[in-house]
Each structure stands twice: as C-alpha cells, then as structure tokens.
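Working notes, beginning with the structure itself.
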Amino acid sequence: MGYDSFGLPAEQYAIQTGQHPAITTEENLKRYRYQLDQLGFSFDWDREVRTSDPNYYKWTQWIFKQIYNAWYNVTANKAQSIDDLMVIFENEGNETVKAHTSCTTIFSASDWKGFSEAEKQKILMQYRLTYLADSWVNWCPALGTVLANDEIKDGVSERGGHPVEQKLMRQWSMRITAYAERLIQDLDEVDWSESIKDQQKNWIGKSIGASVVFQTENGDAIEVFTTRPDTIFGVSFMVLAPEHPLVNKITTEKYQENVAQYQKQTGLRTERDRQADIKTISGAFTGAYAIHPFTGKKLEIWIADYVLASYGTGAVMAVPCGDQRDHDFAGHFGIEIINIFKGIEISEKAYAEKDAVIANSDFLSDLPVKEAIRAAIVAIEEKGIGKGQTNYRLRDAVFSRQRYWGEPFPVYYKNEIPYLVSDEALPVTLPEIDKYLPTSDGEPPLARAKREDWNAFDGDRMEYNTMPGWAGSSWYFLRYMDPHNEKAFVSKEKADYWNQVDLYIGGSEHATGHLLYSRFWTKFLFDMGFISFTEPFKKMINQGMILGRSSFVYRYILDPIFQSNELSENDNELIIKFIKENQVYLSKDLHETSKKNSLDSIRKFIEEKKSLFNKTNGHIAFSDSNLKYVNALYADIHLIDNDKLDIEGFRNWLPDYKNAEFILSDDGTYTCGNEVEKMSKSKYNVQTPDELVEKFGADTLRCYEMFLGPLEQAKPWDTKGINGVHNFLRKFWRLFHDANNNFVVSDGLADKASLKTLHKTIKKIQDDLERYSFNTAVSNFMIATNELTEQKCNNREVLSQLLILLSPYAPHITEELWALLGNEKSITQTVFPNFDPAYLVEAEFAYPVSFNGKMRFTLPLPTDMDKEAVEKAVLENEQTLKYLDGNSPKKVIVVQGKIVNIVL
RNA sequence: GCGGGUGUGGUGAAAUUGGUAGACAUGCUAGACUUAGGAUCUAGUGCUUCACGGCGUGUGGGUUCGAGUCCCUCCACCCGCACCA
C-alpha cells in the first residue's frame, strides 16, 4: 500500500492556506487510512510507501542519477553507462556510435581529448537519457508550471482546464523516445485491454516510410518524411509549415508580403483553433521552387498551416491523388493533380487505400503499392537523396516542474553547468521556504531557499525545479518488494522473487501517462541490470468508474400576458421583480408533460399569482400567464430519497431556495429528475463511503460495491439496492442463530442437500474469483444462504466452510461468527475449502425437451441413461406424443445430460 | 474520419465450452404477522392473449437440430485519437 503524495492539489491548497503541504498531506493520509481501515482492507502496512517521504524519494533521486549517467546504444538496443560512451569517445570519437542523441556534430578521438571539460559535458548532455536542454514546452501560466503532453487535454490543462502556451525554457527531459520501439513491441507481452494498448500505440504513433531530400532551385534542401514513397511521381508541389526555418530564406521578394501576412495570421491562432478549424483551406505561395529528384520537374513551394511544425520535419511532399488534404489544397489553389494509380478515378477525391497498382511512375509503374514502396526506398537510397525511416510521434518527456511540492533534483550548478549530488549526500530534501510561490523574477519557489536551508547544498546554486508527479509513481511497485532497504531501491534478490506485478487494477485514464512512464523506467532499470523483467505489470484490469447520480429540480417562471401594451420602464421593473420572486419548481412528471399549462394544479398556481400581482399593481394587471421553463438545477442528493425531494430540507439548504415554491405531482410529492455523471462537489452528487459504512456497515458496502456489476464496467452509484445486500448478511447471520438471536449450530453430519449447496458454492466462488467476477460471487452467496435457510441447515461443518468462502467479501461478520464457533485463530489464517465433486452427483437430470429448438417441458431421467434410452424414453412420453400430434420426428438430437431436441 | 467498447425486463444485472434467456437483487402488486420497520414471511411479476398459444437479448440477414453466444450488414450510445504527411 502506498500513496503518491506529491503533486499539484496539495500545493495549491498550501498556497491558499499557507500551511506546509507536508502537514496537509499528512492529515489527508490519516483520513485515507481511517477510511481504508474502516472498510477492513487487509493491506500489508509494513510495506507502506509515500512518494513524498525522503526515505522514498532518496531512491527516486538515485534512479534519476542512473538515468542521467546513461545513454542509449542503438546497436545493442539498450541503455548503457555513460562511462562506456566516454571510453568510446576517447578511442574512436563519435563517428561509429549509433545512439539516440540530439548531437549532430561528428568528432574524432583526438578532437574529444582536446575538448574542454565544459565542451565534453555539453556533448555528453546530448547523449544522456535525461538531459537539460532548451525546449519548447507547454507552459501553463495559471498553474505556474510546464506540463507534459499527457497532462493536456483538448489544448487546456487536464487539471483545472487552464490555457497552455508554448514557451522555450531550459528544462530537464527524459529521452523516452529511445524506447519508442520497445514500448510498442513489448505490448504484445502483456495481458492488457486492447483499448489501453491502442491508446499507447497511438500515443507513440509509429509510422514507417522514408525521408527524402528535395533540393530547391537555389540550393537549399527540404527534408520531408513520407509513409508513401511509392507515390513520389505523384508529387506536384511542396508544403512547409508556416514556422519552418527555411521559409524566410527561400521566399522570393515578390511573395514576401504575402507570406509574412500568412505567417502572422496563423501565428495569431492557437494550436487549438488551428486543429478545430480543419475545413478552411489556406496557404501562401513562397515563389520558390523545388526540383523533383526523379523527374527534374519544378515544384511550387507553399506554406500552409495544415502542415505541422512539430511533426516529422515540418514539411511534406504533396501528393494530391493519394492524400485528401493535398487534394483539397491542390483543388483550392488550382495546382496540378497527377494520377499515378492504375484505373482509379481521382478527380473528385484522393485514393488513400494501399491496394492500388502504381502507374505513370517510370520504374515504379505496374507495381502494387507494397512492392512499389520497397522499390522506391531502394531507388531513393541509391540516388543518395534519402533513406527508409521510421518516425514516432512520441516526444521526449519534460521532467521539470516549476513547483515546490515534488522531488528536488539531486543536481547543483557550478558556472551553470549541472553536477550530480553524490550518493552519500542523498536524499536532497525539500528546503523550508517562506512562500510556495515563484520569486519576483519568475524563478520557481525553490529559488527562495537560501544556501543554509538546503541539507545538501553544493556549487553556486541548487536546481530550482522539482520532478513531475510521475517520477515517484514510476517505480513504487518495486519499492513494495523491499520497502525498508537502505542500501538499494530494491535488492536484486527480492526483485527476482516477487518479479512483475501479477495484476494491476486501475483506471484507463493513466494510459498515456503513468502506465507509459512506468514501462519506460522498468525497461531502463532492466537494461542497467537492476531488475530482471522488462514490463512492470503483467496483467491489467481497468475498473469502471463509480459514477454519481445527480438529481434535478425544474425551475419555471411566470410569463405573463398583459392587456395594455403601454408599460412604463417602472412597470417593467416591477414585473421583472415579481417574476423573479415567484419562481416555481415543477415535479418531473409535470415538467415532462406537453400540456402542462392546462393542468389544474398549474392553473391554480397561475391564478393565485395573478390575483396577488393584480391586487398590488391594479393599473398593469395581467390577464393570463403561462409557466416558462428556465433550467434544471442540481439538488443535493442527500435531500432526496427514491427521487422524492425533501421539500423543507431543500428550502433550508441554500438561502436562494428559502421561499422556493413547488407544484407537486398528484400524489403530493415532488419527483426529481436524474442523470448519471461523474461525482463532483458542484453537482451535489457526492457520496462518501463513510456515510454508508455508518448506516449499513463495511461488510454491506463491500459486498454491495461488488454486487453492482462487472468490475470493468462503469456504473452509477445508486444505493437503491443496498438493502438487498444488507438483508442477505442479516439472513446469513440468522443461519447461525435461533429466533431469539441465540447462537446455535448443530454438530454431526450435514444433510446431503446442504453438502450439495456447500460444494456447488465452493466451485462457483472459486470460478468467479478466477475470472474476477465478484458480482456473481455475491449472488452465489445469496443463493447458498437462501438454500440453507430453506433447508433449515445450521450444521457446523457446512457453515464453517461457507464462512471461509465469504470472509474476503465480508470480513467483519465472518470473523465474528468464526470466533463464536469457538475458533481461536483469525479466519484469515485458515485454509480455503476443498471442492469435492462427489457431492454434486445426481441420480436424475431433468432433460429440457424442445421441438425445433423450442423448449416445451422437462423430463426427469436417470443421469446414467445412455443416448438411445433417453431418445426412447422421450419419444414414448405422453407430452411428446401431444407435441408430435401424430407426426413422426425427422430427427432427434440427444446431448447426454444437456438437452433433447426433436426436429419436426 | 480512425481505433476500442457497450446494447438483454421498470432498474442493477446473470447465462463460464453454441444447449431450459432473465439466475441473484431491486422495484412493483396482493396477502400474512406485528412493540408500525429500511423487520420477517407467502404468492405473483419479460411482453402479449380471457385462454390455447404467440412474440421476445439494438436492426436486418446467414450458419446450425439448436444462436444473447459464431459470421455478415446496418443503427444507437460511451471512451480514446485526430490536418501525424
């Protein structure tokens, strides 16, 4: 059991209240612990971890150091120590090194030896798996921090929904892109839902194709990536992203104004706007031309915002016949559309399927697409204008947060060069600061700490950023295995013993965040030899969310009709005031009827209001009115029982509703509407387990939650059925007690029927458990209880076994009954009952007899009766004769112990 | 648009390998008991029909002796991705 206890909510709360987040976090954890204990969960608290505990984040910092001191060797396809890389650099420079790196310069061994320390560090930084670099990040001003891509939904921060902008900042990043291919490949090894795997694949976004260089007329090179090199003869123009660095260089004088205008126009629009508006086709011609590498033809170079700077090279070769966007663009600007597909009409729309045959394409003609792709790559490579290449959409993950409540980096700076804090000095603990806010010159909160506030100060200054939420959560499962180890984050022996997490139950919202990062760190730790497995979570079940059920009242206002149409401003004010003061809430059935304004109860209300108004405002009397619907308002679900509103309670709930008037249904009650949605304070539909535990007990709550339906399915939290589960537990208790609640069980041998019930139940519970079907398990307990009640069974042996089966579901009641039975040790220490099929053997089976597949009646026959005898017995049966009605059956199918089907 | 998922009574759902559709619970109806309760017990409850019977697992088709379950078509809803070259 552990808590991922660093993060934004605690810090936001700290800013608001001025309390140290460690204190509020501690309070919250106490509350969680209370709730968990109250529910009777049997966690091993000796293994408790907290990501915000220095004893834990010491090792998060240590892992960071390992990642810093590693590079990705593409040849070996794994991470290796940076020391190995330095040896290679010493001996042969970097020319032979195949690595995931942002380093573009090539140097020899002697170059390397000649470099200054700062130069060497700068180069190594470009190889490290976590590196400091100026990168474009998602800056969220409202939260005062950068966010990772997975922390942004629909262009705004996932937490709080604040706007996000692009900003160039010096940040730590994790080179997760080095693992892109393995993160896709290894998904085959894990037993996860397709939807999560797809989400990850999608996020990583692998595309296979080729990178091709097109020369421009004046000698600049435009590199493009394409997944369809086979369509290269269909290229009729080039498009660059408006932000592409080459744009300003190649634009001819004549078009400069136009291009600048277009760049400005797209610059004004946010990324989100540009994505939302995919219908408008826009672009600008640069006046420059590229040369087709095979045909030598001149290709116009355009800029357009449908090409994204952030993907691939920020440039495309446009093939209008094969890509709809290119087709639209060509059509809009009157650019030539070349058809390179045999027998396919492309004048209306592009043909993007990969089942065509290429035509009109020199050496690629007559080849099917797949072969043409291969042939094209060969030709491109031979010509030296490009190469086959695989691209990933995945970006390196930004690892810095400009926040206080997170892991400090084990990093200090000397002359602004980062250095690692030594292992002996770890953990670098969070210093106390005066305010949890950025400094006046925009530095993160940690910049407020003075030299002496740090426990491990070194160099000129410490790193001011802290680690993101996913740092601590990427490896906690490893710490569970060895939570108190002071020498290692986990010992190799323990990691080998426990191995992977057998079952991970969690929500699918972590698909592209936590679940991807944990996989990344696990692979890294594997590469470095610290653990022996490459995937953290062997099997995963995505539990459905428990949703809330919100209740609504329907608000109406009067819509009066006046005879006089000469109303003064003063009159209007009076009327508006009157309408405001006389709102009314309609019961759901009235709200839903179309003829509501002619209903008696509503007429009566209107008449009353009319005379009230007219009495005081005679000169502007209104002649009639309708009720006009305004909106539905959330009503606190605690004021509602079975959709019926507690009207007095509602009036006392919020000052606005003090004088609320209601028009009730015929039965004198107010019925609320309802909707199933996420639980949220603003919807007044939150139910905490505490209230239910108090009302029904933890056992009832646990069983009911399981009884609701399949684990994976989202479902509304509706307590209507909870009584049924509660009654079941009472009924179960009564098996052990007489009418006066005295504990009575009988010794000796149990009835055959009771033993059958018991063993049937053992079998079912076992099966249900194996397929995580907890809802059917609870019903099977109910069935067993009903049967034993019917049998008046209070046999010690049978009831003891049943208790054990039920104990994980309802630990409290079973433990108590277990003690009453005279057991001294806890029920959790006993052995699971053994299933014996012998008790289920029946002498007779009631065969369902169907005619043409329709079941008509059942016929009890001995179980051991063979097929022929069953057929004979059925055909001779009186009821069969009735259904045969003198006809002879065409065919009789007998499945022994299952069914008889007679075909007429 | 692409990918994934889900469609069964008034409601939550069950049916594990193609073999009695709706178990279990809730809700509702009627009744019993009673220190009047969120208690306990009995009977009924998919739709339709007075009944015999007929119909019934989102739609339409197919395979099969037999389909909620397998195959194809379409529809609805939910989730994720989306100008990804």
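Quantities reported herein were computed from a predicted structural model and do not represent experimental measurements. Basis for what follows: all heavy atoms, side chains included, without hydrogens, waters or symmetry-related copies.
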Practice task
Output the single nucleotide from U16(B), G3(B), A25(B) whose closest atom is nearest the side chain of Met782(A).
Solution key: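 Looking only at heavy atoms from C-beta outward on Met782(A), the closest nucleotide is A25(B).
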Quick one: look up who [N] pairs with, Watson-Crick or G-U, both distances under 3.5 Å, and put none if it's unpaired.
N	answer
G9(B)	none
G31(B)	C41(B)
G22(B)	none
A15(B)	none
U63(B)	none

Taking 4.0 Å as the cut-off, does a side-chain nitrogen or oxygen of [X] come that near to OP1 or OP2 on [N]?
X	N	answer
Lys891(A)	C65(B)	yes
Ser207(A)	A85(B)	yes
Gln896(A)	G19(B)	no

Determine the contact category for [X]: base if any of its heavy atoms lies under 4.0 Å from a base atom, sugar-phosphate if only primed atoms, P, OP1 or OP2 are that close, otherwise nothing.
X	result
Ser195(A)	sugar-phosphate
Ile893(A)	base
Phe707(A)	base
Asn775(A)	sugar-phosphate
Asn786(A)	sugar-phosphate
Lys201(A)	nothing
Gln324(A)	nothing
Asp323(A)	nothing

Exercise for the section: Please evaluate the base of C81(B) for a donor-acceptor partner in the side chain of Asn202(A) within a cut-off of under 3.5 Å? Expected result: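 Side chain to base: no pair below 3.5 Å.
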Problem - Syn/anti state of G12(B) by chi, 90° boundary around 0 - result: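 Base orientation: anti.
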Problem - Non-hydrogen atoms of Leu735(A) and Cys793(A) that approach each other most closely - result: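 It is CD2-O, 4.0 Å.
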Exercise for the section: Before giving the answer on ring-ring contact (aromatic ring centres under 6.0 Å, His included), spell out for Phe237(A) and Phe333(A) the whole-Å C-alpha distance, their side-chain angles and the decisive distance to 0.1 Å. Expected result: CA-CA 11 Å; Phe237(A) 58 105; Phe333(A) 288 105; 8.9 Å; no
Problem - Distance in Å, Leu805(A) CG paired with Leu758(A) CG, rounded so as to fall on 0.5 Å steps - result: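 With rounding to 0.5 Å, CG (Leu805(A)) is 7.0 Å from CG (Leu758(A)).
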